[in-house]
Amino acid sequence: MKLTDFLRLIHPTLTVIVVFPLIGMVSNLAWQTMQRRRQTKDGGKSKIPPMVGPEHAKLGRWLTGSVVGSVLIGVMIPITKNILKKNVWSTNPTQVVLIGLFLVGTIAALIALYYAQKKVWRAVFATLTGVGLVVLGAQDGVWRRGFEWWVSHYYYGITAALLMVFSLAILPDIYQDRTHTWRKVHIALNTLALLLFIGQGFTGTRDLLEIPLSWQEPAVYSCDFVNLTCPQGQPQP
């Protein structure tokens, strides 16, 4: 394996070590929070400690940052490889500068979203973060599997990241809304996100099998991924 192959493993390694454990903890705390709310709804008592709600929100904020960070690493490594391989800096330096600005802008917008209090600013920074993720993910070099987008690791990941960003943006509204509408939206969207994360486990494992090592790329990328055929080599004597 070459350096570029080791760099590709950063994204799945961080996802397994950081993101998926957080998903398990956040999901467990979410379930306990709902159970405690039901048990105390009519003045009853619950053995579940009241801290499960704040802990769920706290770890949820960490989960959003981890998911967005994982996505950025996952797309920037192949983008950088493509820039170096095709010498894009010499042929189109403006594109390289714009990619760098979008990367910095996306990170800055996410950080600002964590500190934003007013609804309008939360909406602005959440939108900027989402736009940055989508634009960076659309660059050359990113393995998107467009011919099977419905089982694409990339599209699952981008969608889950956008849902996480939206959940972070509406977090203050959940506690202020007396009608619990935002809470219901939060539960529905994060249930969808959980299903996407489960799909990520499958599609990510599959892509690790399909994406070749750097020295194998000329042979593998000559194959037809739609019809599942490869050029026939010369028979060995």
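None of the values given here were measured: they were computed from a predicted structure. Note: hydrogens, waters and symmetry copies are ignored here, and every other heavy atom, side chains too, is used.
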Met25, Leu63: one ILVMFWY side-chain cluster at the under-4.5 Å cut-off?
yes
Between Tyr156 and Gly201, is there a donor-acceptor pair closer than 3.5 Å when you use the side chain of the first and the backbone of the second?
no
Do Ile79 and Met76 have side-chain heavy atoms sitting under 4.5 Å apart?
yes
Sub-4.5 Å side-chain heavy-atom contact between Leu162 and Phe166:
no
Cut-off 3.5 Å, no hydrogens considered: what does the side-chain donor-acceptor table look like for residues 99-107, sequence neighbours left out?
residue, atom, partner, partner atom, Å
Thr106, OG1, Phe102, O, 2.6

Contacts under 3.5 angstrom, residues 8-18 side chains, donor-acceptor by atom type, not counting sequence neighbours:
residue, atom, partner, partner atom, Å
Arg8, NH1, Pro212, O, 2.5
Arg8, NH2, Glu217, OE2, 2.5
His11, ND1, Ser70, O, 2.8
His11, ND1, Ser70, OG, 3.0
Thr13, OG1, Leu9, O, 2.6
Thr15, OG1, His11, O, 2.8
Thr15, OG1, Ser70, OG, 2.9

Going by heavy atoms in the side chains, are Tyr154 and Arg145 under 4.5 Å from each other?
no
Can you tell if the side chain of Arg37 reaches within under 4.5 Å of the side chain of His180, non-hydrogen atoms only?
no
Taking every non-hydrogen atom, the tightest pair across Pro218 and Trp215:
CD-O, 3.9 Å
Is there a path of hydrophobic side-chain contacts, each under 4.5 Å between heavy atoms of I, L, V, M, F, W or Y residues, that connects Ile158 with Leu196?
yes
If we ignore hydrogens and angles and just use 3.5 Å, is the side chain of Ser214 paired with the main-chain N or O of Asp5 as donor and acceptor?
no
Main chain of Pro78, side chain of Asn82: is a donor-acceptor contact present, judged purely on distance under 3.5 Å?
no
Rounded distance [0.5 Å steps], CG in Leu168 versus NE2 in His186
10.5 Å
Quick check: does any side chain N or O of His56 sit under 3.5 Å from a backbone N or O of Leu29, one acting as donor and the other as acceptor?
no
Can Met34 be reached from Val52 by stepping across I, L, V, M, F, W or Y side chains whose heavy atoms are under 4.5 Å apart?
no
Whether the side chain of Ser222 engages the backbone of Ala219 through a donor-acceptor N/O pair (distance < 3.5 Å, no angle test) should be reported.
yes
Any salt bridge between Arg122 and Asp173, counting N to O under 4.0 Å?
yes
On the 0 to 90° scale, with breaks at 30° and 60°, tag the Phe20-Phe197 ring pair as parallel, tilted or perpendicular.
perpendicular
Under a 3.5 Å distance rule, please check whether Asn227 uses its side chain to pair with a backbone N or O of Asp224 as donor and acceptor.
no
Beyond-backbone contact of Leu213 with Gln216, side-chain heavy atoms, under 4.5 angstrom
yes
Common cluster, Ile211/Leu209, ILVMFWY with side-chain heavy-atom separation under 4.5 Å
no
Joint hydrophobic cluster, Phe202 plus Val71, side-chain heavy atoms closer than 4.5 Å:
no
Can you give the donor-acceptor pairs under 3.5 Å from side chains of residues 128-139 to other protein atoms, not counting sequence neighbours?
residue, atom, partner, partner atom, Å
Thr129, OG1, Leu110, N, 3.3
Thr129, OG1, Phe125, O, 2.8
Gln139, NE2, Val135, O, 2.9

